[in-house]
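Report on one structure; see the data block that follows.
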Amino acid sequence: MAPSHGIIWRRDPGRIFEAYARWAEGRGTAKAVIAYDTMWLSTEKMAHALLDGLAAGGYAARLFKLSVSDHSEIVKEILEAHAVLVGSPTINNGALPVVSSFLDELAGLRPGNKVGLTFGSYGWGGGALKVIEERLKAAKIELAAEPGPTVKWAPTPDDLRHCYDLGLEIAARIRD
Ligand SMILES: Cc1cc2nc3c(=O)[nH]c(=O)nc-3n(C[C@H](O)[C@H](O)[C@H](O)COP(=O)(O)O)c2cc1C
């Protein structure tokens with residue numbers, strides 16, 4: 001172990017240099033990441049509709065529910081993706097704590113060259129999307145739409161179609 005930096009790579013260190021160069025330049029592959037959490041599944045339904053839209057547009061998107069996923073794994077996927085979509089319902093005028101803490105990690109890394117989108121459900125005043133938008137901007141991620149899709153309580157079929165269409169639109173935008 002190297003003090004405070006972790007393991008020492010004895011074999012093929014070039015592989016590590018190459019990965020860091022790729023991540024630092026924000027060179028992604030045709031991937032998108034959707035990171036979200038939910039209390040009663042409305043935000044999750046939106047996440048699935050966005051995923052379907054991205055997939056129809058040719059983007060292999062990976063979906064991560066933040067409370068049950070390894071955040072380091074998600075960050076690695078984001079570094080190699082073209083788009084990052086982050087969703088949360090509103091709780092106490094803000095985002096779920098697990099979403100906020102994940103965004104703090106991401107803001108520290110400032111992954112360049114990514115398109116972002118926020119989404120989520122709320123009950124009355126909302127507030128989660130604003131928090132997520134601010135953090136994504138702090139992470140230097142360019143937002144595809146501002147505000148992102150937001151629905152009151154459960155999404156209707158029209159709301160889900162809107163999410164699907166946005167997924168398609170983002171796929172077209174990052175492909176160009
Ligand atoms: C503990 C709790 C706090 C909430 N706080 C707010 C709030 O401050 N503002 C708001 O607009 N909605 C609030 N809501 C409503 C949720 O945002 C709403 O139920 C939403 O549809 C949940 O989305 P989900 O199904 O993705 O969890 C709150 C709900 C709960 C359970």
Side-chain angles (χ1 to χ4, degrees), residues 31-57 59-109 111 114-174:
K31 283 201 285 196
V33 171
I34 303 177
Y36 76 98
D37 218 301
T38 188
M39 296 184 285
W40 307 115
L41 304 182
S42 291
T43 305
E44 182 163 280
K45 286 178 186 150
M46 297 172 79
H48 281 281
L50 286 160
L51 176 86
D52 291 346
L54 280 160
Y59 264 76
R62 280 193 73 187
L63 197 68
F64 293 96
K65 185 173 179 181
L66 286 160
S67 53
V68 294
S69 304
D70 176 349
H71 291 194
S72 307
E73 170 73 13
I74 308 174
V75 165
K76 193 204 86 194
E77 284 293 309
I78 289 175
L79 287 171
E80 304 201 328
H82 283 160
V84 48
L85 288 70
V86 181
S88 173
T90 294
I91 178 167
N92 302 331
N93 306 312
L96 282 169
V98 71
V99 178
S100 296
S101 72
F102 173 72
L103 288 167
D104 285 343
E105 284 175 60
L106 197 61
L109 284 171
K114 317 280 173 211
V115 169
L117 188 77
T118 65
F119 63 95
S121 170
Y122 71 104
W124 46 97
L129 263 61
K130 203 167 164 26
V131 170
I132 305 173
E133 274 159 17
E134 274 164 15
R135 303 268 173 104
L136 287 183
K137 283 184 194 165
K140 302 285 175 221
I141 292 168
E142 184 199 342
L143 297 173
E146 202 180 335
T150 178
V151 305
K152 194 166 182 175
W153 306 118
T156 63
D158 274 355
D159 292 327
L160 293 176
R161 171 148 296 277
H162 176 58
C163 289
Y164 177 92
D165 289 344
L166 260 171
L168 262 181
E169 217 176 290
I170 292 172
R173 179 170 167 164
I174 50 187

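Indexing begins at 1, ligand by ligand and atom by atom, following the structure's order. Values in this document were obtained by computation on a predicted structure and should not be read as measured data.
The side-chain contact (heavy atoms from CB on, under 4.5 Å) test applied to Leu103 returns Val86, Val99, Leu106, Ile132, Arg135, Leu136, not counting sequence neighbours. When the ring pair (Phe, Tyr, Trp, His ring centres under 6.0 Å) test is applied to His162, no partner is found at least two apart in sequence or on another chain. Every residue meeting the salt bridge (Lys or Arg N to Asp or Glu O under 4.0 Å) condition with Glu73, not counting sequence neighbours, appears here in chain and number order: Arg62.
Between the side chains of Ser101 and Asp104, no donor-acceptor pair of N or O atoms lies under 3.5 Å.
Residue-level contacts of ligand 1 at the 4.0 Å heavy-atom threshold are Thr38, Met39, Trp40, Leu41, Ser42, Thr43, Pro89, Thr90, Ile91, Asn92, Asn93, Ser121, Tyr122, Gly123, Trp124, Gly125, Gly126, Trp153.
A distance-only check finds no donor-acceptor pair linking the side chain of Asp52 to the backbone of Ala49 [under 3.5 Å]. Not a single donor-acceptor pair under 3.5 Å links the side chain of Ser121 to the backbone N or O of Ala154.
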